[in-house]
Amino acid sequence: MLLATQLKRLFILKDKEQDIKLTDPEPRWSVEAVLNFYANIYPILTTAKISAPTIKDDAVEYRFESVMGTKG
């Protein structure tokens, strides 16, 4: 018999020094809604982009990467 399960979502904030793992606050929310939710805590997310999802360790992993660069 074939059994289908829904994979949990994991969000990774790509920081300069480290990767910060963020839990899924509400599985029914879109990825953009989760990004906006965490932007209140991590202001760098206001200018972040969402990378394509990857499946790793039985979870769907989304990366929030800052698009801000350095000037000069």
Side-chain angles (χ1 to χ4, degrees):
M1 174 170 43
L2 182 64
L3 179 65
T5 58
Q6 185 173 358
L7 298 175
K8 69 177 187 170
R9 298 188 304 177
L10 181 63
F11 301 94
I12 307 292
L13 170 57
K14 185 73 173 167
D15 197 11
K16 292 179 184 176
E17 295 87 28
Q18 62 185 358
D19 289 346
I20 301 171
K21 292 184 179 182
L22 306 172
T23 60
D24 193 357
E26 176 59 55
R28 294 178 291 176
W29 288 357
S30 68
V31 178
E32 291 82 13
V34 174
L35 176 70
N36 292 331
F37 173 79
Y38 279 117
N40 293 323
I41 302 167
Y42 301 100
I44 197 161
L45 290 177
T46 57
T47 59
K49 67 175 183 130
I50 303 166
S51 67
T54 58
I55 297 176
K56 186 176 183 181
D57 297 330
D58 291 335
V60 180
E61 192 174 282
Y62 295 91
R63 289 191 171 270
F64 298 145
E65 299 175 354
S66 175
V67 294
M68 291 184 65
T70 57
K71 185 177 179 182

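- From K14, atom NZ reaches atom NZ of K49 across 12.0 Å, with rounding to the nearest 0.5 Å.
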- Worked verdict on D24 versus K8 for side-chain contact (heavy atoms from CB on, under 4.5 Å): CA-CA 8 Å; D24 193 357; K8 69 177 187 170; over 6 Å; no

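- Between T23 and Y38, some side-chain heavy-atom pair lies under the 4.5 Å cut-off.
- Two residues are said to be in side-chain contact when any heavy atoms from C-beta on lie closer than 4.5 Å; Y62 and L10 fail this criterion.
- Heavy-atom contacts from other residues, nucleotides or ligands closer than 6.0 Å to CG of D58 number 12 or fewer.
- Put simply, OH on Y42 and CG on L22 are 5.5 Å apart, with the number rounded to the nearest 0.5 Å.
- Separating the CD1 atom in I55 from the CG atom in L7 is a distance of 5.5 Å, to the nearest 0.5 Å.
- Around the CG atom of N40, the shell of radius 6.0 Å holds more than 12 heavy atoms that belong to other residues, nucleotides or ligands.
- Panel note: side chain S66, backbone I44; no donor-acceptor pair is recorded below 3.5 Å.
- At distances below 3.5 Å, at least one donor-acceptor pair connects side-chain atoms of R9 with backbone N or O atoms of E26.
- Between R63 and D19 there is a side-chain heavy-atom pair separated by less than 4.5 Å.
- Rounded to the nearest 0.5 Å, atoms CD1 (I12) and OG1 (T54) are 8.5 Å apart.
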- Go through the steps for F11 and V31 under the test side-chain contact (heavy atoms from CB on, under 4.5 Å), then give the verdict. CA-CA 9 Å; F11 301 94; V31 178; 4.1 Å; yes

